[in-house]
Visitor: 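Before we start, here is the structure in question, set down as structure tokens.
Sequence lines set the chain letters: A, B, ... in the order given, protein chains first and strands last, and positions in each chain run from 1.
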There are 2 protein chains.
Amino acid sequence: MSRIPGRLSTTPPTLADVAERAGVSRQTVSNAVNNPDLLRADTLARVQEAIAELGYLPNRAARNLRTRASHLIGLRIQPVQEGTANATMDRFVHSLVETSREAGYHVLLFAGEPGEPLAGYDDLLRSTAVDAFVVTDTYLGNPQATWLDSRRAPFVAFGRPWENPSATHAWVDVDGAAGCQLATDHLLDKGHERIAWIGWRKDSRIGEDRRAGWHRAMHARGLPTTGLASRVEDTVVSGRSAAGVLLDEARPTAFVCASDTLAMGVLHTLHERGLRAGDDVAVVGFDDSQVAQVVRPGLSSVRQPLEQVAVEVVKAMEGLLGHPRVAHPGVLLTPSLEVRDSSGPDRR
Amino acid sequence: MSRIPGRLSTTPPTLADVAERAGVSRQTVSNAVNNPDLLRADTLARVQEAIAELGYLPNRAARNLRTRASHLIGLRIQPVQEGTANATMDRFVHSLVETSREAGYHVLLFAGEPGEPLAGYDDLLRSTAVDAFVVTDTYLGNPQATWLDSRRAPFVAFGRPWENPSATHAWVDVDGAAGCQLATDHLLDKGHERIAWIGWRKDSRIGEDRRAGWHRAMHARGLPTTGLASRVEDTVVSGRSAAGVLLDEARPTAFVCASDTLAMGVLHTLHERGLRAGDDVAVVGFDDSQVAQVVRPGLSSVRQPLEQVAVEVVKAMEGLLGHPRVAHPGVLLTPSLEVRDSSGPDRR
DNA sequence: CTGAAAGCGCTAACAC
DNA sequence: GTGTTAGCGCTTTCAG
């Protein structure tokens, strides 16, 4: 019945192997692993010794089958966007992996057809491959949330339910408005008054939210915003041309941008016109990308607390999966501002 | 015995549900899924109809337990390196996820203690949570490969077995020397003759390999390399100061760098000295990072064919896991050069 | 070609 | 406290 578990044994030891070695029943070994307090101290010690000697670890598939849980959380990732400075998702993935590990979960990555927002979710759900999902692309109607909800699938969204504020699912988000307000206040404090905004097209809820932060900060000081805002696609060239137009027509002394990608476009325009970023015109981006960190001059940027997002996401997930289910309402986190040279000196 | 699988049913349908609905035995359903050719056409159709109606998909845990396979491949990821332009790993992850999906695999991400290169591997292996690993950090002795080999754990390395060329495990790598030779030839063709190298410390095998490409290209044209090379840490400031020293002491007209991070340092120095990158001094980096793509002037850079790496990795993995095991020797892929403005104009 | 039986390794429920 | 029994959902024999 038993097998000789040598160092190079190809099949790992099982519960039965440990039980035999420790001279107890299989159930006792199971208890030693899952409910150690149920065992008498000496039995526990004997079992643990056997476990250590054999290098036993419960077989995942068997445990999953029995407990109807995989301890896996599914995360769908999109292809990288080349030519932009966007890497939020990658930073988040790292944080999520770290945090889930501490909670006993692993992250299962899956790809989806770009056009099919639901692809991948369904299969994993029906085959009970994951315990829960982390949904990240919550822009544009967020069909995943609605769909997952209807399937009673546990999930936590990174991103608010913009289209449906009454949605009851768990979510974690970063307050983009607060971030842009922070950025704008920072420039206002330096003495700027004509601060322009370059953001995304109006159908982006995230973009409008970030814009609101700039708008709010300007109005709080009684400064006009008319003619100072531009909404374009999230590309470097769009940012560049938007900056050109704004400089010509509104003569801003500073720019706040919805992304580092757009901010890079602004930097390009400044250079072309012989303006020194920071000294002549201040620029702040959003996302604290690697680009912001290594470019010259360093690009001040709003940084999302992704580590904290991951912590809250996992916390919410544990609530969802726990017994009893602990409802976790939405959590809104505040970003910080990484100040670099593109903010320029004090102008007062 | 059976359950009513309504739309909102919380437990997915099982083989038994499908069997009952189709009026066949459970085994027949299993065959319909795994060996369709064994069934008579009409039976198959009836079963498939039932499968479709119920939205049946085999339970992963049960299948995994039975087949002793998880269809998961483990990939350990390191925390992001902020302040650098390195994002190769993230790009590779995306490619790997895409490619594995086509092969029927999902990617399981796990974190490891920075100091403990083996952490995480052992647990996943012993709990049979993954079928194979993709090992990426093969620099510095690569203890994972040796260890995984000794445990007879299937794995494919992205990176050559530098320290042990006779290692027999499967690996895929990108020819860094060829990439740097490409970059150097590109500059030579433009008319440069004093081309400097900024690379990593001598204990980096990857760094020495890349350097060899530069060296080879120079010598192929009978050009001297003495005094033109510098080896530093992989940071922007190191690249910057190395560039300064080289400019002072060796008067190069172009730089080839082991990374975009170092190349960014060079760009900083050029700007400080009023030299125009591209026009006055050419620069080529390595990795085609987002930074290279959005910075001004665009940074020419050697691009690793990570999509292709992923394809080869998965191919090797399928060989390892297939029956019979098909040995897959090492595969060395050639990078390409992304030419941007930092290469400068033709000088002839 | 289809069905019946067995068992992968584990844990929940119950007896002792 | 510890052992016995049963079964999670699937696939792999082996009969019919």
Visitor: Using the side-chain heavy atoms of A:R40, tell me which of these nucleotides is nearest: C:dC10, D:dG3, D:dT2.
Guide: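 Among the listed nucleotides, the one closest to the side chain of A:R40 is D:dT2.
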Visitor: From the list C:dA6, C:dC10, D:dG3, which nucleotide is the closest neighbour of the side chain of A:A62?
Guide: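 From the listed options, C:dC10 comes nearest.
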Visitor: Indicate whether OP1 or OP2 belonging to D:dG3 is found under 4.0 Å from a side-chain N or O atom of A:T28.
Guide: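 Answer is yes, contact under 4.0 Å.
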Visitor: Whole angstrom is fine here: how far is it from CG in A:L38 over to C1' in D:dG3?
Guide: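 In whole Å, D:dG3 C1' lies 14 Å from A:L38 CG.
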Visitor: For C:dG9, take OP1 and OP2 only and decide whether either is under 4.0 Å from a side-chain N or O of B:R66.
Guide: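 So the side chain of B:R66 is outside the cut-off, no N or O lying under 4.0 Å from OP1 or OP2 of C:dG9.
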Visitor: Rounded to whole Å, please give me the gap between CZ in A:R46 and C1' in D:dG1.
Guide: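 Roughly 12 Å, once rounded to whole Å.
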Visitor: Whole-Å distance between C:dG9 C1' and A:L54 CG?
Guide: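 The distance from CG of A:L54 to C1' of C:dG9 comes to 15 Å, rounded to the nearest Å.
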Visitor: Taking atom P of D:dC10 as reference, at what distance in whole Å does atom CZ of A:R68 sit?
Guide: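 Taking atom P of D:dC10 as the reference, CZ of A:R68 is at 10 Å.
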Visitor: Describe the nucleic acid contact of B:L65 in one word from base, sugar-phosphate, nothing, applying a heavy-atom distance below 4.0 Å.
Guide: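 B:L65: base contact, heavy atoms under 4.0 Å.
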Visitor: In this structure, how many angstroms lie between the C1' atom of C:dG3 and the CG atom of B:L39, rounded?
Guide: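 Taking atom C1' of C:dG3 as the reference, CG of B:L39 is at 12 Å.
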Visitor: Measuring from the side chain of A:S30 (C-beta onward, heavy atoms only), which nucleotide among D:dT2, C:dT11, D:dC10 has the closest atom?
Guide: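 So the nucleotide nearest the side chain must be C:dT11.
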Visitor: Are side-chain heavy atoms of A:E53 and A:R21 found at a separation under 4.5 Å?
Guide: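 Answer yes - side chains close enough.
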Visitor: Does any non-hydrogen side-chain atom of B:I73 lie less than 4.5 Å from one of B:V130?
Guide: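 Of all side-chain heavy-atom pairs linking B:I73 with B:V130, none is under 4.5 Å.
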Visitor: Rounded at 0.5 Å granularity, tell me how far CE in A:M317 sits from CZ in A:F155.
Guide: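 CZ of A:F155 is found 13.5 Å from CE of A:M317.
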Visitor: Return the nearest nucleotide to the side chain of A:N59; candidates are C:dG9, D:dG3, C:dG3.
Guide: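 Closest nucleotide to the A:N59 side chain: C:dG9.
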Visitor: Return the value, rounded to whole Å, for the distance between atom CD of B:Q27 and atom C1' of D:dC10.
Guide: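 From B:Q27 CD to D:dC10 C1': 9 Å.
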Visitor: How would you label the contact of A:N34 with the nucleic acid (heavy atoms, under 4.0 Å): base, sugar-phosphate, or nothing?
Guide: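 Sugar-phosphate contact only - A:N34 comes under 4.0 Å of backbone atoms but never of a base.
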Visitor: Looking only at the side chain of A:R63 (C-beta and beyond, no hydrogens), which of the listed nucleotides D:dG9, C:dC10, D:dT12 gets closest?
Guide: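 Nearest listed nucleotide: C:dC10.
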Visitor: In whole angstrom, give the distance that lies between atom CG of B:N35 and atom C1' of C:dC1.
Guide: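 About 13 Å, once rounded to whole Å.
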Visitor: Out of C:dG9, C:dG3, D:dT11, which nucleotide sits closest to the side chain of B:S25?
Guide: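 When the side chain of B:S25 is considered, C:dG3 is the closest of C:dG9, C:dG3, D:dT11.
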Visitor: Out of curiosity, B:L15 CG to B:I51 CD1, how far, rounded to the nearest 0.5 Å?
Guide: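 Output value for this atom pair is 8.0 Å.
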Visitor: Starting at the 5' end of DNA chain D and moving along, which residue's nearest nucleotide shows up first, A:R26 or A:D42?
Guide: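 The 5'-side residue here is A:D42.
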Visitor: Using a strict cut-off of less than 4.0 Å between a Lys/Arg side-chain nitrogen and an Asp/Glu carboxylate oxygen, indicate whether A:K315 and A:E318 qualify as a salt bridge.
Guide: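 No.
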Visitor: What's B:L15 touching, base or sugar-phosphate or nothing? Going by heavy atoms closer than 4.0 Å.
Guide: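 Result for B:L15 = base.
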Visitor: Could you tell me the separation between the CG atom of B:N31 and the C1' atom of D:dC14, rounded to a whole number of Å?
Guide: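 B:N31 atom CG is separated from D:dC14 atom C1' by 13 Å.
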